[in-house]
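Report on the following structure.
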Protein chains: 4
Amino acid sequence: MKTLNSRQVKAAKSSPRRRELKLHRQKEILAAALEEFGTNGYAATRLEDVAKRAGIAKGTIYLYFRDKERLFRAVVRTLIQKRIDALTGMFSGSAEKLLRELLSQMYQVVRNAKARSIVRMLIAESGKFPQLADIYHREVIEPGLNRVRRVLKRGVATGEFRQTKAAQFPQILVAPGVLAIVWRLLHGERHRLDLDAYSKAHLEFVLDSLRKQPD
Amino acid sequence: MKTLNSRQVKAAKSSPRRRELKLHRQKEILAAALEEFGTNGYAATRLEDVAKRAGIAKGTIYLYFRDKERLFRAVVRTLIQKRIDALTGMFSGSAEKLLRELLSQMYQVVRNAKARSIVRMLIAESGKFPQLADIYHREVIEPGLNRVRRVLKRGVATGEFRQTKAAQFPQILVAPGVLAIVWRLLHGERHRLDLDAYSKAHLEFVLDSLRKQPD
Amino acid sequence: MKTLNSRQVKAAKSSPRRRELKLHRQKEILAAALEEFGTNGYAATRLEDVAKRAGIAKGTIYLYFRDKERLFRAVVRTLIQKRIDALTGMFSGSAEKLLRELLSQMYQVVRNAKARSIVRMLIAESGKFPQLADIYHREVIEPGLNRVRRVLKRGVATGEFRQTKAAQFPQILVAPGVLAIVWRLLHGERHRLDLDAYSKAHLEFVLDSLRKQPD
Amino acid sequence: MKTLNSRQVKAAKSSPRRRELKLHRQKEILAAALEEFGTNGYAATRLEDVAKRAGIAKGTIYLYFRDKERLFRAVVRTLIQKRIDALTGMFSGSAEKLLRELLSQMYQVVRNAKARSIVRMLIAESGKFPQLADIYHREVIEPGLNRVRRVLKRGVATGEFRQTKAAQFPQILVAPGVLAIVWRLLHGERHRLDLDAYSKAHLEFVLDSLRKQPD
DNA sequence: CATGAATGAGTGTTCATTCAT
DNA sequence: GATGAATGAACACTCATTCAT
């Protein structure tokens, strides 16, 4: 490898290997930045700490991101993108099964530290970066709520579910998941929620409310 | 000369009057600080802005609070205290009526800007100020949840409500209120929730789940 | 009410003494900045050095000037203002006497370190701050050249001077003064011009050219 | 594409070819650097911009110049060398003709952007690089002034010119050219001097002063 | 030879905190 | 008490210089 003559080395240099390395480094920076921003918030995060965590020099960050603000936005947008990618395809089965599936997915999100980080950052910085919350709303929240709406509609169509006002506010169905995220953000490891039991109770509660009563 | 005048004036004043004035000024500072911290977060808030908003000089803040951190904690603790004070006494009546009353109170909280601010601040700064979230948990959240628990217990006792796992997790019952707060924090005026309809749907949903089915 | 009272006291405090001190300090900063900018140029001047020279802390500069650029412009504008103020009123006497007077004044400028500094700064930074050279042109150069024009015109009117093309370009008359400034800027103490002899030669040269030849 | 070709060529070519190419590249860098230093001054010039302008990579500069300072000095010394080379051979004819010739040459310098750049740089950086002004003085200014002296001496010898003090200060004769350079440096395109008319007036003015009056 | 990614010292600017008035 | 001028530590960002490829 090392003994390649200089011309070959040069030719090989710029294109594929370098690009790959650059992309990798960018990801490292984003990961380090997420950690710092997620913990300390935008203003309290020092880029030097991000650099240290990424194992690089302060100046290197600026080769990848124009300034602190762009880095922050890139962090959030990257996370949102991952959420979008995770909104996996449609399913079949009874409405109840679909709902179980949906909530189960939601609790995977709740358990996911990065997903919680994004919520913290969006709440903490929505004064300074409202556009980010907008993106999140458009790309993640609305699509998510729409999936709930579709499942409810299907349940009503198949006769599994009653018609309820809650269908207009699918937020009500998923709210316990949101609360679980907030709970974790507020209390960290200090006051744990037993998520397994909690999510089961949540599902039962929702189904109790939705199911058609046996006459 | 001028200084003499003011000293004479001061000398003439009585002690209780002074105390009162001091208290009043402290409240003004706290109010201004709440506004700023609530909007920008701890790190991004400049004490100069707080002073300007309170109509005083920067240095004056330090006559009332040792440093920025104490001011912040005072802001949050004051808010928490107000929440505690608002946890008004118990009532009588059917469990359903009590539950209606409880949720109705909660939505007053949701509509209250300061109450939302506190949530934002606690979430945003829980990395730096976890003790505050602890206080909030002990003094506000747990007492609140306990009230829900008591209502549920009474409902079961009177036969109005079914026995459900959700009783172990009263969070599930109130979660839509939390979601509403988060929604407002994230989206401000940009994506409104119709709180009237939402809270009604919430109540109906909960009652549908709790109520004993007519056999 | 009470607040008004206390504010009146405040208002009295800040006024005369403080204002005076503030003005004085501003002048000190400008003087220190002139020294540094004049020696090193805009980009190579560090505000810390300006502060040190003024005997204050770095941050203090920012209480008087928004940023480095404003400080620099203030320095130059202040200097220009002093030049304008120095363009003293007109005199009477023969055209030759007026011309002697004029050139004598000009050589006072040449001997003035601050006046040389301004030329260096305007030349050095005219790429970044062309407006400053414009101000200088409008407020100093053109008025100065106009005085030369008026003297020449009077000389022609009284028959002392010949009519010459140079009247259209009064720059030619004063050019040796400009050269002397540039010479000093370039060579500092290293290659001295004997300004007394030089200015005499300059005057003689000019008069030789302007005077009507005795027939 | 060009780069690739040239590299292949280089590899194949013999040593003198290489040397030539290297020299050429060095000239490109010097030209680019002149442009940047001349516009922005030493401190405000970024080597990256020099590289970009020269169409090479930042690091390449360091293959030709040890550091920024050496590059700057090389730029100035190269320019000075060109000035020296331009001090063309001697002439014959009447002193007046020689003087016309001399001033005409000087105004070619005035019109030459690089020659103006050198003056700007020497003035702007004479604090940091006084040696450069020294070189310029020794190699360009003094030789130039000596030529003026010789012409004046010859004119006096032939009886064309009067004996004047100005002979001791040939600067006075050429000063309008210097002023024209400074004028252009300060005012760029914003306040033009009509150089044709100006230089004619200059010559006339000088001759009026020098010529022996017809008795 | 040439590249451009990486470095880190250096500088402009901000802001919590102090203190003379 | 109240003020606001002053301080200086802290931090974002730049750029000359190095070096692996």
Side-chain angles (χ1 to χ4, degrees), chain A residues 1-2 4 6-14 17-18 21-22 25 43-49 51 56-69 71, chain B residues 2-3 6-7 9-10 13 18 21-22 25 43-51 56-64 66-69 71, chain C residues 6-7 9-14 17-18 21-22 25 43-49 51 56-64 66-69 71, chain D residues 3 6-7 10-11 18 21-22 25 43-49 51 56-64 66-69 71:
Chain A
M1 307 295 271
K2 252 114 211 204
L4 286 175
S6 69
R7 244 182 279 155
Q8 286 171 329
V9 169
K10 270 185 231 161
K13 211 187 243 176
S14 65
R17 177 108 185 92
R18 277 215 171 175
L21 282 175
K22 229 182 151 173
R25 171 133 305 179
T45 290
R46 294 178 304 158
L47 290 194
E48 181 137 34
D49 289 343
I56 58 176
K58 205 179 8 166
T60 306
I61 293 176
Y62 290 86
L63 298 176
Y64 294 84
F65 302 93
R66 192 194 302 282
D67 55 25
K68 190 183 182 184
E69 197 168 320
L71 171 58
Chain B
K2 249 84 196 221
T3 339
S6 77
R7 249 181 250 153
V9 170
K10 274 184 220 161
K13 299 264 166 169
R18 275 204 165 191
L21 281 175
K22 192 159 181 187
R25 173 140 299 183
T45 290
R46 293 178 304 159
L47 290 194
E48 179 137 33
D49 289 345
V50 173
I56 58 174
K58 209 181 353 170
T60 306
I61 294 176
Y62 287 83
L63 298 175
Y64 294 85
R66 191 194 300 283
D67 56 23
K68 189 184 184 184
E69 198 167 319
L71 172 58
Chain C
S6 74
R7 270 198 212 131
V9 170
K10 278 181 224 164
K13 208 187 241 176
S14 65
R17 178 106 184 92
R18 279 213 168 177
L21 282 175
K22 225 180 153 176
R25 171 132 307 178
T45 290
R46 293 179 303 156
L47 290 193
E48 181 137 33
D49 289 344
I56 58 175
K58 206 173 17 158
T60 305
I61 293 177
Y62 288 86
L63 298 177
Y64 294 85
R66 191 194 301 284
D67 55 24
K68 190 184 182 184
E69 196 168 321
L71 172 58
Chain D
T3 335
S6 75
R7 258 183 230 150
K10 272 183 221 165
R18 275 207 167 187
L21 281 174
K22 190 159 182 185
R25 172 140 299 182
T45 290
R46 293 178 305 160
L47 290 193
E48 178 136 35
D49 290 342
I56 59 174
K58 209 182 353 173
T60 305
I61 293 176
Y62 287 83
L63 298 173
Y64 294 85
R66 191 195 300 282
D67 55 24
K68 190 184 182 184
E69 198 168 318
L71 171 59

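All chains are named by letter (A, B, ...) in the order of the sequence lines, taking the proteins before the strands, and each is independently numbered beginning at 1.
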Quiz item: What is the distance, rounded to the nearest whole Å, between atom CG of A:L71 and atom C1' of F:dC11?
Solution: 15 Å
Quiz item: What nucleic acid atoms does A:F65 come within less than 4.0 Å of, heavy atoms only: base, sugar-phosphate, or nothing?
Solution: nothing
Quiz item: Axis-to-axis angle across the helix from E:dA2-F:dT21 to E:dT21-F:dA2, five pairs an end, to 10 degrees?
Solution: 0°
Practice problem: Check A:T45 against A:K68 and note the closest heavy-atom contact, atom names and distance. | Solution: O-NZ, 2.9 Å
Quiz item: Quick one: the side chain of C:K58 and the base of E:dG10, do they pair up donor-acceptor inside 3.5 Å?
Solution: no
Quiz item: For C:D49 and E:dG10, what is the distance between atoms CG and P respectively, to the nearest whole Å?
Solution: 13 Å
Exercise. Just call it for D:K68: base, sugar-phosphate, or nothing, with non-hydrogen atoms closer than 4.0 Å on any strand.
Key: sugar-phosphate
Self-check item: Integer-rounded Å distance: E:dG4 C1' and A:R25 CZ
Solution: 13 Å
Practice problem: Could you work out which one of F:dC13, F:dA2, F:dT17 sits closest to the side chain of A:D67? | Solution: F:dC13
Quiz item: side chain to side chain contact (heavy atoms under 4.5 Å, CB included) with B:Y64: which residues, sequence neighbours excluded?
Solution: B:K22, B:R25, B:Q26, B:I29, B:T60
Exercise. Could you say whether C:A57 or D:G59 is positioned toward the 5' end of DNA chain F, judged by the nucleotide with the nearest heavy atom to each?
Key: C:A57
Quiz item: E:dG12 phosphate, OP1 or OP2: any side-chain N/O from C:R66 under 4.0 angstrom?
Solution: no
Self-check item: Atom-pair distance (CD on D:E48; P on E:dT3), nearest Å
Solution: 13 Å
Quiz item: Expressed in angstrom and rounded to an integer, what is the separation of A:I56 atom CD1 from E:dA5 atom C1'?
Solution: 11 Å
Exercise. Counting heavy atoms from C-beta on, name the nucleotide in E:dG12, F:dA6, E:dT3 closest to the side chain of C:R46.
Key: E:dG12
Quiz item: If you look at every strand shown and take non-hydrogen atoms under 4.0 Å, does C:L63 touch a base, only sugar-phosphate, or nothing?
Solution: base
Quiz item: From the list E:dA6, F:dC11, F:dA16, which nucleotide is the closest neighbour of the side chain of D:L47?
Solution: F:dA16
Exercise. With DNA chain E as reference, determine whether B:A44 or C:T45 sits nearer its 5' end, using the nearest nucleotide of each.
Key: C:T45
Self-check item: Euclidean distance, atom CD1 of residue C:I61 to atom C1' of E:dC15 [Å, nearest integer]
Solution: 16 Å
Practice problem: Find the distance C:Y64:OH to F:dA5:P and express it as a whole number of Å. | Solution: 7 Å
Quiz item: Do you know the tightest heavy-atom contact between B:I61 and B:L47?
Solution: CD1-O, 3.5 Å
Quiz prompt | Residue pair A:Y62 / A:D67: nearest heavy atoms and the distance that separates them | solution = CE2-CA, 4.1 Å
Practice problem: Would you please name every residue forming a salt bridge (charged side-chain N to carboxylate O under 4.0 Å, His left out) with A:K58, sequence neighbours left out? | Solution: none
Quiz item: Atom CD of B:E69 to atom C1' of E:dT17: distance rounded to whole Å?
Solution: 14 Å
Quiz item: Taking OP1 and OP2 of E:dC19, is either one under 4.0 Å from a side-chain nitrogen or oxygen of B:Y62?
Solution: no
